Amino acid sequence: MDELQQIIKGSALSSAGLIFAKAFGVLFSLLLARSLGPDGLGQFNLSVLLSSWFTVLGLFSIQTVVVQKMAETEANSQEFKKTISAAIFMSLAMGLLASGLHFALSGNIYLFFNKQVSLWHLQIGSAIIFGGILFNTVLGIERGLKHFGNYAVLEAGKAAGVLAIAAGMLFAGYEVGAGITALIFAPIVVSCIMMVVLLKYYDKNFWQKIIPMAKLGIPITLLSILLVVLLNSDRLFLGALQSKTDVGLYSVAITIVAFFGLFFPSAIKNTVFSFVTRTVVANQIEKTSYLLERTITYYISMLSFTILPLMLFRNELIHLIFGEQFIAAANLLAILLFATPFMAVYSIAHSFIVSLNRFKEVIIATLISLAISIPAYILLIAKFGAVGASLATVISTGLLAASYMLILKKAINNNLRKMALLVAVIFLLTMAAFFGSGSLMVRSIYLLALAIICAVFLYKFEYFTKEIELLVKIKGGE
């Protein structure tokens, strides 16, 4: 079985975990939305927003570095065990430092959001960072071990724990604090259990691994910080310039889009990383280029059949899941759906850039994107509120996807034109769906017509047919 087939199988396992995790995540969001309403949901999102920034800072890219280092050493060797031991130690130390820093700055964050959040919620939310760092490190180790089944169980188990704790606390009468407490305890408990399991890989002479891993993590962390600033500026400036109600409505729409544009592609990204690293180390650039083209076209082709129904039935979807009080989020969802292919492209491309060590180029590209996107967020949010945030997100994700693909084009000479054509056609079909109106029957017929056009395009230009051939090959090889 070749690398691409292993990637597809590994992605299937990771995707299963992510599907369950996101299913629980959607139920968690739904539970909070139904219980708290737009105002309460906005307050919750603002309370935990910057925890992701500090998690990225404190994580120091351990979850990526450990996979890369494990791929470069022989499995179960002493060097292999030292790498795992060093990663666990670094996560514990950096988790405490990042959580303490967030706690110390919580008063400033409280003032930045115009006192729309509780200072107490910001302070206790600092513990989310510690749990997030531990959990992501454990996930990275499992990826390095190629235990994609365990990866799936961990993702789903943590999400189920978050949902159960939040439900119990909401039932007991807690509100915003219920969600925050759930995000604290579930990842910490799961991570501690897994760290006990990973004790078999412990090697006390891991100290020599820390500095090389930290050095390797510096450019990745810098890039990750730039990305998290870029990708979270929407809610940051929306909370500072508008109301928590706007944040609550926007959060509902971006959660749906992020599932298909970021979280689901991460199953592919997490699986492909070790395989790409192997091809780069072996200087098999043609194979690296092939993996890039096939993984992106594989996912974007599938994505096209998801975006169209979401666009045409957005009002019914929001009303059914979140209720009438969130119906205004349907307009935001319609705009944000245009960003979904862009999110998927740069999410998958990120693994290839890290493996190819193209940090200088990508940091410069991300800084340029930030220089354009931050003013766009500020100006558009100030003038149009949540609609402006949605428009700015489409702009920022489009810039990021284009810059990433240009970097990879220069590095491995991939077929950029064919992938760009695919994204452009999906964008045009999404635009056609955006203007679709009428009864459910009329829109259903319209959806069928758009889906046929999409399928014909994928078949004619040999996007979809190759995926079918791959799946048939895999099935025949079992």
Side-chain angles (χ1 to χ4, degrees), residues 14 51-73 75 78-102 126-148 150-151 154-155 158 187-229 266 269-274 276-277 347 350-351 353-355 357 359 362-363:
S14 297
S51 64
S52 62
W53 297 39
F54 285 84
T55 299
V56 170
L57 176 64
L59 191 55
F60 217 73
S61 302
I62 301 168
Q63 84 286 11
T64 302
V65 171
V66 72
V67 177
Q68 193 165 346
K69 286 297 184 181
M70 289 169 71
E72 294 172 358
T73 56
Q78 289 302 115
E79 296 301 307
F80 190 83
K81 293 179 179 179
K82 289 176 184 177
T83 298
I84 294 175
S85 301
I88 293 175
F89 174 81
M90 291 171 70
S91 70
L92 290 168
M94 294 301 294
L96 291 172
L97 286 173
S99 298
L101 180 61
H102 182 275
S126 300
I128 295 174
I129 299 163
F130 182 71
I133 291 172
L134 294 185
F135 184 74
N136 279 283
T137 300
V138 168
L139 285 183
I141 293 171
E142 290 300 313
R143 283 167 54 200
L145 293 168
K146 295 185 177 63
H147 291 169
F148 299 116
N150 289 355
Y151 181 95
L154 288 172
E155 285 277 22
K158 185 204 77 170
I188 289 178
V189 170
V190 173
S191 300
C192 289
I193 292 172
M194 283 306 301
M195 285 186 176
V196 172
V197 174
L198 291 171
L199 281 176
K200 62 184 178 182
Y201 295 104
Y202 177 73
D203 188 308
K204 63 181 180 180
N205 299 314
F206 64 83
W207 301 100
Q208 60 184 316
K209 291 290 183 180
I210 292 177
I211 293 178
M213 289 174 69
K215 286 182 178 179
L216 185 58
I218 289 173
I220 305 175
T221 301
L222 178 57
L223 173 59
S224 298
I225 290 172
L226 293 175
L227 285 174
V228 79
V229 171
S266 68
K269 180 181 74 173
N270 292 337
T271 305
V272 77
F273 183 68
S274 59
V276 174
T277 299
S347 179
H350 180 267
S351 289
I353 288 174
V354 171
S355 295
N357 201 29
F359 293 109
V362 78
I363 287 173

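For the single chain, residues carry numbers from 1 onward in sequence order. Computed from a predicted model, the values in this text were never measured in an experiment. No hydrogens, no waters, no symmetry mates; every other heavy atom, side chains included, goes into these values.
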Rounded to the nearest 0.5 Å, the CG atom of Asn150 sits from the CD atom of Glu142 at a distance of 4.5 Å

Can you find a pair of side-chain heavy atoms, one from Gln63 and one from Leu139, that are under 4.5 Å apart? no

Determine all donor-acceptor pairs shorter than 3.5 Å in which one atom belongs to a side chain in residues 190-217; sequence neighbours excluded.
residue: Ser191; atom: OG; partner: Phe135; partner atom: N; Å: 3.1
residue: Ser191; atom: OG; partner: Pro187; partner atom: O; Å: 2.6
residue: Asp203; atom: OD1; partner: Asn205; partner atom: N; Å: 2.9
residue: Asp203; atom: OD2; partner: Gln78; partner atom: NE2; Å: 2.4
residue: Lys209; atom: NZ; partner: Glu79; partner atom: OE1; Å: 2.6

Decide yes or no for Phe54 and Ile128: does some side-chain heavy atom of the first lie under 4.5 Å from some side-chain heavy atom of the second? no

Got a second to check how far Met70's CE is from Ile141's CD1, nearest 0.5 Å? 7.0 Å

For Ala87 and Val66 the tightest heavy-atom approach is CB-CG2, 3.8 Å

Would a 4.5 Å heavy-atom cut-off, applied to side chains only, mark Trp53 and Ile225 as touching? no

Working note: Phe60 + Thr137, criterion side-chain contact (heavy atoms from CB on, under 4.5 Å); need CA distance, chi angles, decisive distance, verdict. CA-CA 10 Å; Phe60 217 73; Thr137 300; over 6 Å; no

Please report the shortest heavy-atom distance between Ile129 and Thr55, naming the atom on each side. CA-OG1, 3.6 Å

If I compare all heavy atoms of Ala127 with all of Ile188, which pair ends up nearest, and what's the gap? O-CD1, 4.3 Å

How long is the gap from CZ on Phe359 to CD1 on Ile353, to the nearest 0.5 Å? 9.0 Å

Leu223 side chain reached by His350 side chain, heavy atoms, under 4.5 Å: yes

Is there a side-chain contact between Ser91 and Leu59 (heavy atoms, below 4.5 Å)? no

Using the rule given for side-chain contact (heavy atoms from CB on, under 4.5 Å), can you reason through Val228 versus Ser224, listing the C-alpha separation, both sets of side-chain angles and the distance that settles it, and then say yes or no? CA-CA 6 Å; Val228 79; Ser224 298; over 6 Å; no

Only pairs under 3.5 Å count here: list side-chain donor-acceptor contacts from residues 92-99, not counting sequence neighbours, and write none if there are none.
residue: Ser99; atom: OG; partner: Gly95; partner atom: O; Å: 2.8
residue: Ser99; atom: OG; partner: Ser126; partner atom: O; Å: 3.2
residue: Ser99; atom: OG; partner: Phe130; partner atom: N; Å: 3.1

Could you give the distance from CG (Asn136) to CG (Leu154), rounded to the nearest 0.5 Å? 11.0 Å

Does any part of the side chain of Ile88, heavy atoms only, come nearer than 4.5 Å to the side chain of Ile62, both counted from C-beta? no

